[in-house]
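Here the structure comes first, spelled out in structure tokens, and everything after it is commentary.
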Amino acid sequence: MTTRRFDRAVVTGGAGFVGAHLCALLLSEGLEVTAVDNLATACPATLEDLRRHDRFRFVRHDVTEPIPLDDPADVVFHLASAASPRDYLALPIETLRAGSHGTEQALELARRDGARFVLASTSEVYGDPLEHPQHERYWGNVNPIGPRSVYDEAKRYAEALTSAYRREHGVDTAIARIFNTYGPGMRVNDGRMIPAFFTQALAGEPLTVTGTGEQTRSICYVEDTVGGLVALARSGYPGPVNLGNPDELTVRQVAERIKAIVRSDSAVEYVDAVVDDPQRRCPDISLAREVLGWEPKIDADDGLRRTAAWFRQFRRAE
Ligand code: NAD
């Protein structure tokens, strides 16, 4: 297994939820880290923590425009994109542009510097999958014109562009397909399942589960996900490679676990299903185990307990 060493990283979307954890991990490993972010869906509290670090630099910039950095990087992680359905449904064109123009600018930066490039793609490229669990060989079942297509197709385009830069320009690229990730640093109101359930349970309000609640998700704690991104960067592997937790839970089970962790007696309320919401989602991570020696270490109960502390603190700060 190859292990690359890096001194300088650029993280686009570095003020977001996953990006901030990635910056923190890279700083802890001794790198100089530059986060490039336009703050469209960023988490201000985590950015403030990063700014205290003297090897961290923040550049406020929209990555759909050429990225204005002079110092050469040796690894570029491209995470800039709205990721929560609430955000990308509110920012449809911006999301398409982040996946298309934004990916091109990030690839151009990596090409200029001869840097390793890691694309944060998503399990959403599998759409509402017809194969289960999802292996990287599966090409997906995506509605190209539905409301969610702005995210799914942007990421599919980003994967195609990344692959073309590898073939045409010899850029040292890698594609990570990230599955549902959660943890401290998520915005309370970002609309994703776990922040919504925590906020509702802590407020004593009903937990709103869409559809029957029997649809499944695999939830991966953010420290595991960013560990996988760094392992992929350090390997020579191009991917795509799934990063997620194969422990499959129904949405109803996630709601019940969160209620138990915060000792809430809130009801669970079933509301209309979301258009094109995937019914089953579970990664096959045999490739990540084999080529990266990576697998998640933190189980759902442990991860949800650590996340509960973040949402409790947020409520106290309100
Ligand atoms: P997030 O919304 O918390 O962070 C995204 C960051 O990108 C934000 O800080 C936002 O301000 C920034 N951004 C958006 N458009 C930009 C632009 N044009 N220029 C500069 N910055 C821009 O989302 P996240 O959960 O941290 O996701 C990060 C990445 O990981 C995304 O690419 C997402 O698709 C991918 N991903 C996340 C998950 C997950 O469960 N969190 C799952 C699969 C893939």
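Just follow the structure's listing: the first ligand is 1, and inside any ligand the first atom is 1. Along the sequence shown, residues carry numbers from 1.
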Looking only at protein heavy atoms, which one is nearest to atom 41 (N) of ligand 1, and how far off is it? R192 NH1, 2.9 Å

Should the proximity of Y182 to ligand 1, defined as any heavy atom under 4.0 Å, be assigned to the side chain, the backbone, both, or neither? neither

Hey, are the side chains of L292 and V241 touching, using non-hydrogen atoms and a 4.5 Å cut-off? yes

Among T12, V59, D71, side chain to side chain contact (heavy atoms under 4.5 Å, CB included) partner for T34: V59

Identified side chain to side chain contact (heavy atoms under 4.5 Å, CB included) partner of T181 from the options N245, V222, L243: V222

What protein heavy atom sits nearest atom 18 (N) of ligand 1, and how far away is it? D62 OD1, 2.9 Å

So which protein heavy atom does atom 1 (P) of ligand 1 come closest to, and at what separation? T41 OG1, 3.8 Å

Determine whether the side chain, the backbone, both or neither of K155 has a heavy atom under 4.0 Å from any heavy atom of ligand 1. side chain

May I ask you to check whether I178 has an N/O atom sitting below 3.5 Å from an N/O atom of ligand 1? no

Report the nearest protein non-hydrogen atom to atom 33 (C) of ligand 1: residue, atom name, distance rounded to 0.1 Å. Y151 OH, 3.4 Å

Atoms of ligand 1 less than 4.0 Å from A120 heavy atoms? 30 (O), 32 (O)

Please indicate whether any nitrogen or oxygen in D37 is less than 3.5 Å from any nitrogen or oxygen in ligand 1. yes

Mind checking whether L109 and F117 have side chains closer than 4.5 Å, heavy atoms only? no

Quick one: nearest non-hydrogen protein atom to atom 17 (C) of ligand 1, plus distance? N38 ND2, 3.4 Å

A40 heavy atoms within 4.0 Å reach ligand 1 at atoms 11 (O)

Give the atoms of ligand 1, by number and element, whose distance to some non-hydrogen atom of L79 is under 4.0 Å. 28 (C), 29 (C), 31 (C), 32 (O)

Assess the side chains of Y126 and R177: does a donor N or O sit below 3.5 Å from an acceptor N or O? yes

For atom 5 (C) of ligand 1, closest protein heavy-atom neighbour: S81 O, 3.2 Å

Could you tell me if the side chain of C43 sits less than 4.5 Å from the side chain of M186, heavy atoms only? no

Will you find, in the side chains of S266 and E205, an N or O donor that is under 3.5 Å from an N or O acceptor? no

Side-chain H-bond candidate by donor/acceptor type, T210 with Q215, under 3.5 Å: yes

Going by distance alone, is a donor N or O of one side chain under 3.5 Å from an acceptor N or O of the other, for Y165 and E108? yes

Just to check, does S121 reach to within less than 4.0 Å of ligand 1 when the distance is taken from its heavy atoms? yes

Decide whether the shortest distance between a heavy atom of R97 and an atom of ligand 1 is less than 4.0 Å. no

Looking at R52 and D49, is there a salt bridge between them, counting it only when a charged N and a carboxylate O are closer than 4.0 Å? yes

Ignoring angles and geometry beyond distance, decide whether T181 reaches within less than 3.5 Å of ligand 1 through its nitrogen or oxygen atoms. yes

What residue and atom, counting heavy atoms only, is the protein's closest point to atom 37 (C) of ligand 1, and at what distance? A83 CB, 4.3 Å

Are any of the N/O atoms on A80, whether in the backbone or the side chain, positioned under 3.5 angstrom from an N/O atom of ligand 1? no

Does G13 reach ligand 1 with a nitrogen or oxygen that is under 3.5 Å from one of the ligand's nitrogen or oxygen atoms? no

Say whether E248 and H132, considering side chains only, have a donor N or O and an acceptor N or O under 3.5 Å apart. yes

Return the set of residues passing salt bridge (Lys or Arg N to Asp or Glu O under 4.0 Å) with R5 (not counting sequence neighbours), or none when no residue passes. none

Atom 3 (O) of ligand 1: the protein heavy-atom neighbour that sits closest, reported with distance to 0.1 Å: F17 N, 2.9 Å

Would you say ligand 1 has an N or O under 3.5 Å from any N or O of N180? no

Close N or O approach (S123, ligand 1; < 3.5 Å): no

Report, in ascending order of atom number, the atoms of ligand 1 lying under 4.0 Å from any heavy atom of L39. 11 (O)

Logged contact type for V63 with ligand 1, heavy-atom cut-off 4.0 Å, is both

Sidechain N-carboxylate O distance under 4.0 Å for E159, R156: no

Salt-bridge criterion met for R8 and D74 (N-O under 4.0 Å): no

Taking only non-hydrogen atoms of A15, do any sit less than 4.0 angstrom from ligand 1? yes

With heavy atoms of H61 as the reference, note each atom of ligand 1 found under 4.0 Å away. 19 (N), 20 (C)

Using a strict 4.0 Å threshold on nitrogen-to-oxygen distance, state whether R111 and D172 make a salt bridge. no

